[in-house]
Trainee: 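Please see the structure below; I have some questions.
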Amino acid sequence: MQAWMDAVGNAWGRVEGSAGGKSIVSGSHVDSQCPGGRYDGALGVIAAYVALKSLLEWFGPPKRTIELVSLCEEEGSRYPAADFWGSRAILGRIEPDDPEAIPALDGGTIGDGMRAVGLDPAKVAEAKRDDIASFIELHIEQGPLLEMAGYPVGIVTGITGPREYWVELSGRADHAGARPMDLRRDPMAGAAEIILGVINTARQMGRPAVTTVGRIVAEPGGTPIVPERVAFTIDARHPDPAQRAILYENHEALMRFVAKRSDLDLTWEIVGEHQPCPCDPELVAVLQQAAAEQGIPAMLIPSGAAHDSQQMALIAPVAMIFVQSRDGRSHTPAEFTSVDHAVAGIEVLAAALHRLAW
Ligand SMILES: [Zn+2]
């Protein structure tokens with residue numbers, strides 16, 4: 001393999017195809033959470049290497065060019081605002097000022113971090129690629145579904161799209177003893193109804209819809225006081241764009257209905273949003289055929305976590321292979337994937353690369 005490090009620190013390996021053309025790329029990120037596990041990201045880098053090395057040994061040089069990539073800074077552990085730094089650089093989506101503007105948790109900027117390892121922040125734009133035909137990422141599932149269903153491998157249908165709301169309900173502060181229940185404008189009662197309602201909406205839609213209320217603030221926050229204002233977050237996700245729109249419409253309709261009926265003032269703000277990323281149907285079919293050919297049971301599964309593939313999808317068709325995570329654990333040193341499951345995933349990846357490139 002021809003091997004090099006690009007302008008932001010992504011490591012690449014390339015095998016030229018006899019027919020030339022754009023590259024088929026496989027890989028994942030090499031960084032981790034802090035503390036994190038040993039598999040999240042790194043397994044996908046090793047998987048791409050093992051698959052490509054084996055294919056070259058068995059079948060010789062490919063017709064189409066294949067590259068593997070070890071992406072830097074996906075997790076944002078040291079640079080929380082880096083936001084998929086390695087894959088964004090490949091897309092050409094890093095602004096010239098970003099290296100000096102993105103702070104490190106331990107002081108300085110990502111530009112300082114680049115210089116410390118011999119990279120020149122002024123050359124970030126050189127990492128851009130416009131010759132990638134497809135991207136296939138193997139990754140641990142990070143959830144319990146494959147283990148619960150007894151499948152070693154999952155083929156990802158799409159990566160979920162989160163949206164975060166900040167909701168505020170205002171009523172009127174009153175005495176908790178003297179104000180009769182029927183004469184109150186109590187935003188806590190409204191918030192309780194909305195919180196249970198949105199959670200039940202996701203439950204009724206069923207998997208993979210998820211809705212979480214993770215933070216709630218009541219003001220003034222005294223035991224004998226009907227609150228004046230209650231604010232809370234809603235984090236709601238679905239990988240299917242149409243189902244996702246229905247989930248949000250239902251949440252918003254419920255909020256309006258409860259606020260109106262309870263005579264409460266309602267405002268909300270969307271404070272974070274990422275669009276869902278459907279995997280490419282043709283590549284999904286190739287992975288399914290590859291798994292069947294290898295005799296490896298594979299389950300179609302959505303991804304509830306974010307991945308570099310979402311970024312790569314902006315310039316190329318993408319697909320993902322998941323392997324079991326024991327107890328569904330991830331982002332912890334307890335993270336574990338057995339050799340058998342890792343090998344099953346690599347066999348699917350290798351068989352798919354063979355179909356695409358030889
Ligand atoms: Zn990861």
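Atoms within a ligand are numbered from 1 in the order they appear, just like the ligands themselves. Source: prediction; values computed, not measured. Excluded from the calculations below are hydrogen atoms, water molecules and symmetry mates; all remaining heavy atoms, backbone and side chain alike, are included. Numbers here are sequence positions counted from 1.
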Trainee: When you check the gap from the basic side-chain N to the acidic O, do R355 and E293 get nearer than 4.0 Å?
Mentor: yes

Trainee: At a cut-off of 2.8 Å, what protein N/O/S atoms sit near the Zn ion (ligand 1)?
Mentor: H29 NE2, D40 OD1, H139 NE2

Trainee: Mind checking whether H139 and H29 have parallel, tilted or perpendicular rings, split at 30° and 60°?
Mentor: tilted

Trainee: Once you measure the plane-to-plane angle for F59 and H354, does it fall in the parallel (<30°), tilted (30-60°) or perpendicular (>60°) bin?
Mentor: tilted

Trainee: What residues form a ring-ring contact (aromatic ring centres under 6.0 Å, His included) with H251, not counting sequence neighbours?
Mentor: none

Trainee: Mind listing the side-chain donor-acceptor pairs of residues 17-24 below 3.5 Å, one per line with the distance, residues two or more places apart or on another chain?
Mentor:
unit_1: S23; atom_1: OG; unit_2: R14; atom_2: NH1; d: 3.4
unit_1: S23; atom_1: OG; unit_2: E67; atom_2: OE2; d: 2.6

Trainee: Side-chain polar contacts of residues 103-111 - donor-acceptor pairs under 3.5 angstrom, sequence neighbours left out - could you list them?
Mentor:
unit_1: D106; atom_1: OD1; unit_2: R78; atom_2: NE; d: 3.3
unit_1: D106; atom_1: OD2; unit_2: R78; atom_2: NE; d: 3.2
unit_1: D106; atom_1: OD2; unit_2: R78; atom_2: NH2; d: 3.4
unit_1: T109; atom_1: OG1; unit_2: P99; atom_2: O; d: 3.4
unit_1: T109; atom_1: OG1; unit_2: G111; atom_2: N; d: 3.3
unit_1: T109; atom_1: OG1; unit_2: D112; atom_2: N; d: 3.2
unit_1: T109; atom_1: OG1; unit_2: D112; atom_2: OD2; d: 3.4

